[in-house]
Amino acid sequence: MTSMWNPPDKDFFDTVWKIVRQIPEGKVSTYGQIASMIPPYEGTDPDAHQRLSPRWVGTAMRKVEDDDVPWQRVINSQGKISLPDQSGDKQRRLLEGEGVTFGKSAKVDLTEFGWEGPDDEWLDEHNLLPPNLFLKKPKQKPLF
DNA sequence: CGTTTGACTACGC
DNA sequence: CGCGTAGCCAAAC
């Protein structure tokens with residue numbers, strides 16, 4: 001039930017779009033990183049604090065209609081584009097037009113182009129969490 | 001109202 | 001590195 005969300009937003013699509021609008025030109029973020037910024041919410045089991053699955057960030061990108069949401073700046077955790085070839089090419093061209101470069105295996109170097117997230121003040125204003133930059137094991141160095 | 005569906009990810013080879 | 005797989009979970013149907 002959407003009313004049980006911690007943030008005041010009515011549904012998580014708005015929250016996802018709001019975050020994606022903060023990604024600056026020339027930078028990229030990942031589905032998992034965006035998802036990690038949204039606080040846990042109460043699921044059907046009150047004890048289980050659920051987090052938004054990165055899949056839903058992808059779903060939110062698919063539903064983007066407003067031109068002010070830079071959907072092309074969200075790629076997957078491998079640094080690659082998660083779209084069928086034709087649309088993927090469009091996304092790649094858009095990013096290249098912003099200065100993002102693709103290396104071997106059509107991968108973006110996240111250490112160079114990865115967005116580190118909004119500043120603390122913005123996060124606080126919107127009741128969101130700092131992005132989890134530790135993509136794999138908790139005690140690992142951040143990937144970017 | 002139950003089933004299917006992903007613009008995902010971590011992990012094991 | 002690449003590839004397959006299990007888990008993911010609200011929305012769409």
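All heavy atoms count here, side chains included; hydrogens, waters and symmetry mates do not. Throughout, a chain's letter reflects where its sequence line sits, starting with A, and its residues are numbered from 1.
- A heavy-atom distance below 4.5 Å is not found between the side chains of A/Ile23 and A/Val28.
- One interatomic measurement links the two molecules: CH2 of A/Trp17 to P of B/dA7, which rounds to 15 Å at whole-angstrom precision.
- Within the 4.5 Å cutoff, no side-chain heavy atoms of A/Val108 are placed close to those of A/Ile81.
- Residues forming a ring-ring contact (aromatic ring centres under 6.0 Å, His included) with A/Trp56 (at least two apart in sequence, or on another chain): A/Phe12.
- Rounded to an integer number of Å, the gap from CG of A/Leu110 to P of B/dT9 is 10 Å.
- For A/Thr30, the listed nucleotide lying nearest its side chain is B/dT9; candidates were B/dT9, B/dA7, C/dG2.
- Using a 4.0 Å heavy-atom distance criterion, A/Ser87 is classed as making no nucleic acid contact.
- Among the atoms of the strands shown, only primed sugar atoms or phosphate atoms (P, OP1, OP2) are found under 4.0 Å from some heavy atom of A/Lys63.
- Separating the CZ atom of A/Arg62 from the P atom of C/dC9 is a distance of 18 Å, rounded to the nearest angstrom.
- Looking at residues two or more places apart in sequence or on another chain, you find a side chain to side chain donor-acceptor pair (under 3.5 Å) between A/Ser82 and A/Asn76.
- Looking at residues two or more places apart in sequence or on another chain, you find no side chain to side chain donor-acceptor pair (under 3.5 Å) involving A/Arg55.
- Listed by chain and number, the residues in a salt bridge (Lys or Arg N to Asp or Glu O under 4.0 Å) with A/Glu25 amount to none (sequence neighbours excluded).
- One interatomic measurement links the two molecules: NZ of A/Lys104 to P of C/dG2, which rounds to 11 Å at whole-angstrom precision.
- A/Glu98 meets the salt bridge (Lys or Arg N to Asp or Glu O under 4.0 Å) test with A/Arg73; sequence neighbours excluded.
- With distances taken from any side-chain atom of A/Ser105 to the nucleotides B/dA7, C/dG2, C/dA11, the minimum falls on C/dG2.
- Nearest to the side-chain atoms of A/Ser77 among the listed nucleotides B/dA7, B/dT9, C/dC1 stands B/dT9.
- For the pair A/Ile75 CD1 and B/dC8 P, the computed distance is 12 Å after rounding to whole Å.
- If you take CG of A/Leu52 and P of B/dT9, they are 12 Å apart, rounded to a whole angstrom.
- Across residues 88-98 of chain A, not one residue has a non-hydrogen atom less than 4.0 Å from an atom of DNA chain C.
- Residue A/Met61 has its side chain nearest to B/dA7 when only B/dT9, B/dA7, C/dA11 are considered.
- When the P atom of B/dG6 is taken as reference, atom CZ of A/Phe13 falls 14 Å away, rounded to whole Å.
- For DNA chain C, the residues of residues 53-60 of chain A within the heavy-atom distance limit of 4.0 Å (strictly under) are A/Arg55, A/Trp56, sorted by number.
- Applying the ring-ring contact (aromatic ring centres under 6.0 Å, His included) definition to pairs two or more places apart or across chains, those involving residues 94-124 of chain A are A/Trp122-A/His126.
- Applying the salt bridge (Lys or Arg N to Asp or Glu O under 4.0 Å) test to residues at least two apart or on different chains, none of the pairs has a partner in residues 119-129 of chain A.
- The nearest whole Å value for the distance from the CD1 atom in A/Ile34 to the P atom in C/dC8 is 22 Å.
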